[in-house]
Amino acid sequence: MHCISLALALSAAALVSAAPANAKQNPICNTQDKNRPGLNAGGPAGLYWMSNEPNGNFVFTANLDNDGKMLFGDAVYAGGNGAHMGPDTSKPNPLQSQGSVKVVGDKLVVVNAGSDTASVFQIDFQNPAFIRMIGQPISTQGNFPVSATIDVTTGNACILNAGEKNGVSCYTVDLRKGLVPIPNSVRSLNLKLKTPPENPDNTPSQILFSDDGKRLFASVKGSKDNTGFLAVWTVNDDGSLSPDFEKNVPNGGANPASLTVVRGADALMNTDIGKGLNIFDFTKSNNNKTKAETQDFQVGGSSHVAWGEFSDATRNYYISDSDTATYTELSIDPKNPNNVKGVKQYPQKKGSFPIDQEVVLINGKDHAYLLSPGAMTMQILDLVAPGDAQQRDSFDLTQAAKNIGVTLNAANMQGVNAFFTG
Ligand SMILES: *[C@@H]1O[C@H](CO)[C@@H](O)[C@H](O)[C@H]1NC(C)=O
């Protein structure tokens, strides 16, 4: 059972003003569920990842306290099924994507790759581990959705489909109905793929709005015969998209994965599997800023680097490599985004296989959370200063799931994102 949110409980508290002054707990939720200690722990932040199980996808939640410590919250049905692309469905990283769970503000969008649907949730400001679905899951108007993005300004969401019918589609978020399709926003990537994809070759990786919401980016991996690319659409005022996308083929790169905006520059940091990194720089672009100059970078010893984040506290970038279990810190000069420097590498537990990651700012300090299916943990690091990330405790995912009887498998789980206000 869920507790009623503290926001609602506060008005109830006013009605029971005769209650003893020391009755500190939520009056509607007066029995603490020991298996869900974070559910009404009161924030200030929340962390979310998904089970992506083929028999029912669940969003797992945790409360983050003032020090970034995780307290398990709940697992909430995402309204559809998960899925796993080929060739080996017993190995982790099922969607080969970043952004399968996406949080912006107090909204969370999650994809159900096995049902071709997506759902939107409201995050409770007072109790971030408490989330509630808005409306019903909707069709993503394509197959095998793997990634979502939300525009900070309009609140509109777009989804990336990676199956037979691949491409993007966009939605407004209605506070009663949930995701509502935007006309003229379904666009194809024209890729020859199956549902589910037989292997990661040529599959889409991540979808992302530009910071001003005027462009929509999608990264696509390559294969032996094709180089991957970055697709860029322009977004119209009504949320519809340009009919065609601009295709940017990275110079030297081959397998575009995650996308991160380079702060203070009109550029993207793009992890490139096997190689390291591409920078897409739009500074000298055409009028609609869709054409990028690209530069590739080799990241030392990298084998499968596919996830990237920015830290507001250190102003540096962090990328994770699942196969070598390495977390790498980089600096990128906003005045010249092609000036990329390796800062430090932080080896993770051997075999922990860190995939999706999130950097969360709490009280001016950043903490990194690495979803690590190889160890069935969330590995936590404190990003103390540039060049100084301190390994901390790890959170046991298996135990949390077991305590509430919801399945979480190393091979299937994917995605991690956070709610925080800084
Ligand atoms: C961007 O503008 C160029 C001309 O400068 C045009 O050829 C292209 O189709 C436009 N692309 C998009 C995605 O709007």
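Computation of the quantities below employed the complete heavy-atom set of this structure, encompassing side-chain atoms and omitting hydrogens, waters and symmetry-equivalent molecules. Note that the structure is a prediction, hence the values are computed from the model and not measured. We count ligands from 1, going down the list as the structure has it; atoms in each ligand are counted the same way.
Nearest protein heavy-atom neighbour of atom 9 (O) of ligand 1: Glu246 OE1, 4.7 Å.
Taking the ring centre of Phe282 as origin, the terminal cationic atom of Lys289 falls outside the region bounded by 6.0 Å and 45° from the ring axis.
Interface atoms of ligand 1 facing Val232, defined by a heavy-atom separation under 4.0 Å, are 13 (C). Within ligand 1, the atoms closer than 4.0 Å to a non-hydrogen atom of Asn286 are 1 (C), 2 (O), 3 (C), 5 (O), numbered from 1 in the order shown. Residue Asp244 has at least one heavy-atom neighbour below 4.0 Å for each of these atoms of ligand 1: 13 (C).
Note that CG of Leu71 and CG of Asn40 are 10.5 Å apart. Values are rounded to the nearest 0.5 Å.
Taking the six-membered ring for Trp and thresholds of 30 and 60 degrees, Phe310 and Tyr317 have ring planes inclined between 30 and 60 degrees apart. Under the 30°/60° scheme for interplanar angles, the aromatic rings of Phe72 and Trp49 are found to be tilted.
Close N/O approach between Asn288 and ligand 1 is found [any backbone or side-chain N/O within under 3.5 Å].
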Open item on the list: As a quick check of understanding, evaluate side chain to side chain contact (heavy atoms under 4.5 Å, CB included) for Asp124 and Arg132, giving each step before the final call.
Closed with: CA-CA 8 Å; Asp124 188 310; Arg132 171 181 64 79; over 6 Å; no
- [ ] Show your reasoning for whether side-chain hydrogen bond (donor to acceptor under 3.5 Å, both in side chains) applies to Glu309 and Gln357.
- [x] CA-CA 7 Å; Glu309 288 296 327; Gln357 50 142 326; 5.9 Å; no
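Checking atom 7 (O) of ligand 1 against the protein gives no heavy-atom contact under 4.0 Å. Atom 14 (O) of ligand 1 is flagged as protein-proximal [any protein heavy atom, distance under 4.0 Å].
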